[in-house]
Protein chains: 2
Amino acid sequence: MKLSGGVESALHCCVVLTSVAEPVPATRLAELHGVSGTYLAKQLQALSRAGLVQSVQGKSGGYVLTRSPKEIAVLDVVEAIDGREPAFVCTEIRQRGPLATPPEACAAPCAIARTMHAADRAWRAALREVSIADIARMVGDDYDGDVLGKVGGWLVSG
Amino acid sequence: MKLSGGVESALHCCVVLTSVAEPVPATRLAELHGVSGTYLAKQLQALSRAGLVQSVQGKSGGYVLTRSPKEIAVLDVVEAIDGREPAFVCTEIRQRGPLATPPEACAAPCAIARTMHAADRAWRAALREVSIADIARMVGDDYDGDVLGKVGGWLVSG
DNA sequence: GACGTATTACTCGGATATGGACTGTCCGAGTAAGTGTGG
DNA sequence: CCACACTTACTCGGACAGTCCATATCCGAGTAATACGTC
């Protein structure tokens with residue numbers, strides 16, 4: 001089980017977008033983070049499709065958060081990039097083989113699927129309780145000096 | 001994020017191994033579950049390396065659980081197959097780009113990594129609280145008639 | 001009948017091809033700002 | 001001086017190769033049961 005690497009970039013982008021009000025181009029976000037610009041664009045497109053950021057075209061365009069960082073959960077970003085399907089997919093093994101369980105007795109998920117899905121819900125619940133604003137606050141607490149403010153200034157400069 | 005498909009097979013194997021005391025060959029387990037025998041062998045080897053099952057070679061050999069099903073957590077099986085590494089890997093984006101955070105200020109994980117790892121711990125905790133014995137009990141509760149007993153009988157027959 | 005040995009057939013174990021998904025990249029469509037001209 | 005149209009340059013968006021890991025498979029090493037011959 002491995003999470004898509006783009007999730008990390010997308011989260012960092014959302015956090016830094018907290019500190020600016022005007023659109024920021026994907027190229028500039030990529031430059032800030034030291035990642036491939038053309039690839040980061042892919043992640044930002046996904047965020048745009050999910051409605052988390054809004055794309056502004058034309059000169060001096062870019063991406064802006066669509067709503068307050070307090071209203072954007074980390075889970076929203078993760079699901080936008082990595083998809084909403086649960087990590088565990090039940091292939092109904094119980095319905096195969098010589099001792100297969102008859103289909104009419106398989107209305108409810110099997111015990112294994114129930115357990116795995118419960119864990120999946122716990123994972124998502126933990127990510128739903130943390131917002132982008134919380135992350136921004138943690139970053140501010142971690143480092144002295146207004147780090148996010150400086151980043152915001154750099155993003156809008158030149 | 002997608003969990004390896006072999007996890008499902010491995011879990012089913014552990015559950016059915018609950019109902020027998022003698023070694024069961026990988027071929028027979030594959031036949032019971034209607035999956036590829038040569039591929040299931042790979043998963044069973046992983047379980048063996050993790051110490052969850054013991055392999056018995058030679059004629060009438062196979063695999064046996066090494067300890068009581070009550071002492072085998074679902075998490076043990078998942079980690080044996082899918083690895084112990086967390087799903088989120090932090091590539092230290094904060095240390096890259098023009099506004100990179102100096103390495104000496106990066107002793108602790110960043111806020112994003114902390115959040116993702118906390119969710120990972122919640123996921124693993126949920127899987128650690130359920131044992132193979134619990135799964136077996138759930139299966140017994142789901143269906144009337146001693147399903148696992150029948151499966152065990154089939155496994156040792158012929 | 002009992003023992004020892006060789007055979008045999010069955011098991012696991014690691015090394016080997018194949019497929020799909022994530023990673024990384026490119027160029028075209030569209031838009032807003034800037035510029036120059038005319039009134 | 002102001003309004004308008006045009007040019008321009010910059011943006012996003014979807015379509016295109018490369019690379020890595022999970023999937024699926026094969027054959028060889030090892031072992032316990034079995035069959036056989038001998039005492």
Side-chain angles (χ1 to χ4, degrees), chain A residues 1-10 13 17 20 22-31 33-64 66 78 80-83 85 87-89 91 93 155-156 158, chain B residues 1-10 13 17 20 22-31 33-64 66 78 80-83 85 87-89 91 93 155-156 158:
Chain A
M1 184 175 71
K2 189 168 167 296
L3 203 56
S4 166
V7 171
E8 186 184 8
S9 312
C13 286
L17 282 178
V20 292
E22 40 191 306
V24 180
T27 304
R28 183 141 272 254
L29 287 169
E31 190 183 356
H33 292 129
V35 300
S36 162
T38 53
Y39 181 48
L40 184 64
K42 215 173 175 49
Q43 321 300 340
L44 290 167
Q45 284 171 31
L47 293 181
S48 175
R49 271 193 293 270
L52 298 179
V53 301
Q54 187 173 5
S55 68
V56 180
Q57 279 204 343
K59 201 162 186 170
S60 75
Y63 289 96
V64 201
T66 52
V78 171
I81 303 296
D82 207 66
E85 297 83 31
F88 179 83
V89 287
T91 63
I93 283 183
L155 281 176
V156 302
Chain B
M1 183 175 70
K2 187 168 168 295
L3 204 56
S4 167
V7 170
E8 185 184 9
S9 311
C13 286
L17 281 178
V20 292
E22 42 191 302
V24 179
T27 305
R28 185 141 269 256
L29 287 169
E31 189 183 358
H33 292 128
V35 300
S36 161
T38 53
Y39 182 48
L40 185 63
K42 213 173 176 51
Q43 321 300 341
L44 290 168
Q45 284 171 31
L47 292 182
S48 175
R49 270 192 294 269
L52 298 179
V53 301
Q54 188 173 4
S55 67
V56 181
Q57 281 204 341
K59 202 163 187 169
S60 74
Y63 290 97
V64 200
T66 53
V78 171
I81 303 296
D82 207 66
E85 297 84 29
F88 180 84
V89 287
T91 63
I93 283 185
L155 281 176
V156 302

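Reckoned from all heavy atoms, side chains included, excluding hydrogens, waters and symmetry mates. Chain letters run A, B, ... following the sequence lines, proteins first, then strands; residues in each count from 1.
When the C1' atom of C:dT8 is taken as reference, atom NZ of B:K59 falls 7 Å away, rounded to whole Å. Distance CD (B:Q43) to P (C:dG13): 13 Å, rounded to an integer number of Å. In this structure, A:E22 atom CD and D:dT11 atom C1' are separated by 15 Å, rounded to whole Å. Between B:K42 atom NZ and C:dG13 atom P there is a gap of 12 Å when expressed in whole angstrom units. The distance from atom CD of A:Q54 to atom P of C:dA32 is 12 Å, rounded to the nearest whole Å. For the pair A:Y63 OH and D:dC10 C1', the computed distance is 13 Å after rounding to whole Å. In this structure, the CD1 atom of A:I81 is 12 Å from the P atom of C:dC22, given to the nearest Å. Across the protein-nucleic acid pair, B:L40 atom CG and D:dC26 atom P stand 15 Å apart, rounded to whole Å.
Distances shorter than 4.0 Å separate some side-chain N or O of A:R49 from OP1 or OP2 on D:dG14. Of the side-chain N and O atoms in B:Y39, none sit less than 4.0 angstrom from OP1 or OP2 of D:dT25. Using a 4.0 Å cut-off, some side-chain N or O of A:S36 falls inside it from OP1 or OP2 of C:dT25. Phosphate proximity of C:dG14 to B:Q45: present, with a side-chain N or O under 4.0 Å from OP1 or OP2.
Of the candidates C:dC26, D:dA24, C:dT23, the closest approach to any side-chain atom of A:S4 belongs to C:dT23. Among the nucleotides D:dC16, C:dC12, D:dC12, the one closest to any side-chain atom of B:Q57 is C:dC12. For A:S55, the side-chain atoms get nearest to D:dC12 when compared with the rest of C:dG13, C:dT23, D:dC12.
A donor-acceptor pair under 3.5 Å links the side-chain atoms of B:T66 to the main chain of B:L52, judged by distance alone. When atom types are taken as modelled, the side chain of A:S48 and the backbone of A:Q54 share no donor-acceptor pair closer than 3.5 angstrom. Of the possible donor and acceptor atoms, one in the side chain of B:E8 sits under 3.5 Å from a partner among the backbone N and O of A:T91. Formation of a donor-acceptor pair under 3.5 Å by the B:S9 side chain with backbone atoms of B:L40 is not found in this model.
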With side-chain contact (heavy atoms from CB on, under 4.5 Å) as the test, would you mind laying out the steps for A:V64 and A:L17 before giving the verdict?
-> CA-CA 7 Å; A:V64 201; A:L17 282 178; over 6 Å; no
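Counting any heavy atom pair closer than 4.0 Å across all strands shown, A:A41 reaches no nucleic acid atom.
Toward the 5' end of DNA chain C, the nearer of the two residues A:G6 and B:G58, judged by each one's closest nucleotide, is B:G58.
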